[in-house]
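Numbering of residues begins at 1 and proceeds along the displayed sequence. Treat the numbers as computed from the prediction; the structure is a model and nothing was measured.
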Amino acid sequence: MASTSPRRSSGGDSASPSAPLIPSPPTSPASGPSGGPLGRLTSLRGAARFIRRTGSRRLMREPSVAVRETAAEHLEERQTDWAYSKPVVVLDMLWNLAFVAVAAAVLAASVGERPTVPLRVWIVGYVLQCLLHVLSVTVEYRRRRRNADQEGAGDEDLKLSIVKHLESANTMFSFIWWIVGFYWVSAGGKALSHDAPQLYWLSIVFLAFDVFFVVFCVALACVIGIAVCCCLPCIIAILYAVTDQQEGASEDDINNLSKFKFQTMSDADKLAAGIAAPVGGVMTECGTNPPVEHILSAEDAECCICLCPYEDGVELRELPCNHHFHCSCIDKWLHINATCPLCKFDIIKSNRDIEEV
């Protein structure tokens, strides 16, 4: 669990914690083209702050809140890597270019149409947003590939800054441009469907798609946020399944950590040990002689990953920072992130220091 537990010996001594598909969210329905028609998911740091406020109202214990904040931050860090992976970037670019191709075909086929509002101007602006997004994604993807192959050049920070400013400006422009398009379509009324049916319906499709995708992104972000709060083991299991096993701790690193077996204490055991405070049970280290035991308070006898109390006979894992969890919960976490989910203690660095000593 979260806190460091008091110890007792076998003799009975006792004692009584930001891309195309996945990063930051579209700020409005207009963000679809500039953030890519495949869009961006809402940042999880806001969810982490909400979790913190929830914890402050005592609906969730502080250590459990801290673990969920760490998981939210880890997910957000992974988003950029996933969003700029080759399959996602290719899909995003093809999607944007498909919008461009459809718009070009409709503009060519509707030369004879005479809309009462400048729908052609709006569609051209929409296409330019898609092209600008494709350019930004291409530059960022190539920069990341170069950095992965070799050390970045001195002007990489400047290029990154330019791309970020360009994408931010594109997103802001798309927000304004969506409002302009919605106003023109509304102002044109039913006459547009008769005077310029192809331009009218293309504009409707683009506007509706942006709204749909923003709703989809917000709903997906809400689902992820709820899952982080209420079903963190599910998120960890999914990350464990899709993560390169070399990214976190190895099996040997995890097996080197202390393993304990939890046992509840009866009233007779508490009296024999001279313990008056509420006690949840005792952690007994496996494979040690004499056995090393940790006495856990009733509050600490809970895994702050799955929020389940420790049951009699369950196996626990204690990290070098003295935080303990269910083996099944913490082992998967360490495979994807070799740090304690509570205090971010690096177990790999700790193992190396021990080996050097």
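- Every residue was checked against the salt bridge (charged side-chain N to carboxylate O under 4.0 Å, His left out) condition with R120, not counting sequence neighbours, and none meets it.
- The stretch residues 180-194 participates, sequence neighbours left out, in no side chain to side chain donor-acceptor pair (under 3.5 Å) pair at all.
- Contact of the V127 side chain with the L107 side chain is not registered, since no non-hydrogen atoms from C-beta on lie closer than 4.5 Å.
- To the nearest 0.5 Å, atoms OG (S110) and CG (L119) are separated by 9.5 Å.
- How far OG of S258 is from CD of E318: 6.0 Å, rounded to the nearest 0.5 Å.
- Closest approach of D331 to R317, counting heavy atoms only: OD2-NH2, 3.0 Å.
- When the side-chain contact (heavy atoms from CB on, under 4.5 Å) test is applied to T284, the partners found at least two apart in sequence or on another chain are Q263, V282, P291, E293.
- Rounded to the nearest 0.5 angstrom, F175 CZ and D210 CG are separated by 12.5 Å.
- Counting heavy atoms from C-beta on, the side chains of L128 and L132 never come closer than 4.5 Å.
- For the pair L202 and A103, the tightest heavy-atom approach, listed with the atom from each and the gap, is CD2-CA, 3.9 Å.
- In this view, F262 and Y310 satisfy the ring pair (Phe, Tyr, Trp, His ring centres under 6.0 Å) rule, not counting sequence neighbours.
- Using a 4.5 Å heavy-atom cutoff, the side chains of Y126 and W178 are not in contact.
- Partners of E251 by salt bridge (charged side-chain N to carboxylate O under 4.0 Å, His left out), not counting sequence neighbours: none found.
- In the hydrophobic clustering, L94 connects to V90, either directly or through intervening members, whenever side-chain heavy atoms lie under 4.5 Å apart.
- The side-chain hydrogen bond (donor to acceptor under 3.5 Å, both in side chains) test applied to E315 returns no partner, not counting sequence neighbours.
- Residues satisfying the side-chain contact (heavy atoms from CB on, under 4.5 Å) criterion with C286, sequence neighbours excluded, are K259, K261.
- Across all non-hydrogen atoms, the minimal contact from A338 to A249 is CB-N, 3.7 Å.
- A donor-acceptor distance shorter than 3.5 angstrom exists from the side chain of N170 to the backbone of Q129, with no hydrogens or angles considered.
- Of the possible polar contacts, one joining the S174 side chain to the T171 backbone as a donor-acceptor pair under 3.5 Å is found.
- How far SG of C340 is from CZ of F345: 9.0 Å, rounded to the nearest 0.5 Å.
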Show the atom names and distances, to 0.1 Å, of all donor-acceptor pairs under 3.5 Å that link a side chain in residues 212-238 to residues at least two apart or in another chain.
none

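- E113 is not listed as a side-chain neighbour of D195, based on a closest heavy-atom distance of 4.5 Å or more.
- Residues forming a salt bridge (charged side-chain N to carboxylate O under 4.0 Å, His left out) with K344 (at least two apart in sequence, or on another chain): E73.
- For the residue pair D92 and H133, a side-chain donor N or O sits within less than 3.5 Å of a side-chain acceptor on the partner.
- Judged purely by distance below 3.5 Å, without hydrogens or angles, the side chains of D252 and N256 never pair a donor atom with an acceptor atom.
- When all heavy atoms of L296 and A301 are compared, the closest pair comes out as CD1-CA, 4.2 Å.
- The minimum heavy-atom distance between C308 and H326, with the atom names listed, is O-CE1, 3.8 Å.
- Each of V137, V139, T138 was checked for a side-chain contact (heavy atoms from CB on, under 4.5 Å) with L135, and the lone residue meeting it is V139.
- Rounding to the nearest 0.5 Å places CG of L199 at 10.0 Å from CZ of R114.
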Please lay out, stage by stage, how D253 and L334 fare under the test side-chain contact (heavy atoms from CB on, under 4.5 Å). CA-CA 9 Å; D253 291 325; L334 294 175; over 6 Å; no
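- By the side-chain contact (heavy atoms from CB on, under 4.5 Å) test, I204 pairs with V185, Y200, W201, sequence neighbours left out.
- Counting heavy atoms from C-beta on, the side chains of L207 and W122 come closer than 4.5 Å.
- Atom CG of N337 sits about 5.0 Å away from atom CH2 of W333, to the nearest 0.5 Å.
- Using modelled atom types, no side-chain atom of D346 and backbone atom of T339 make a donor-acceptor pair closer than 3.5 Å.
- A heavy-atom distance below 4.5 Å is found between the side chains of I347 and L257.
- The minimum heavy-atom distance between P341 and T70, with the atom names listed, is O-OG1, 2.8 Å.
- Qualifying side-chain contact (heavy atoms from CB on, under 4.5 Å) partners for V121, counting only residues two or more places apart in sequence or in other chains: P118, W177.
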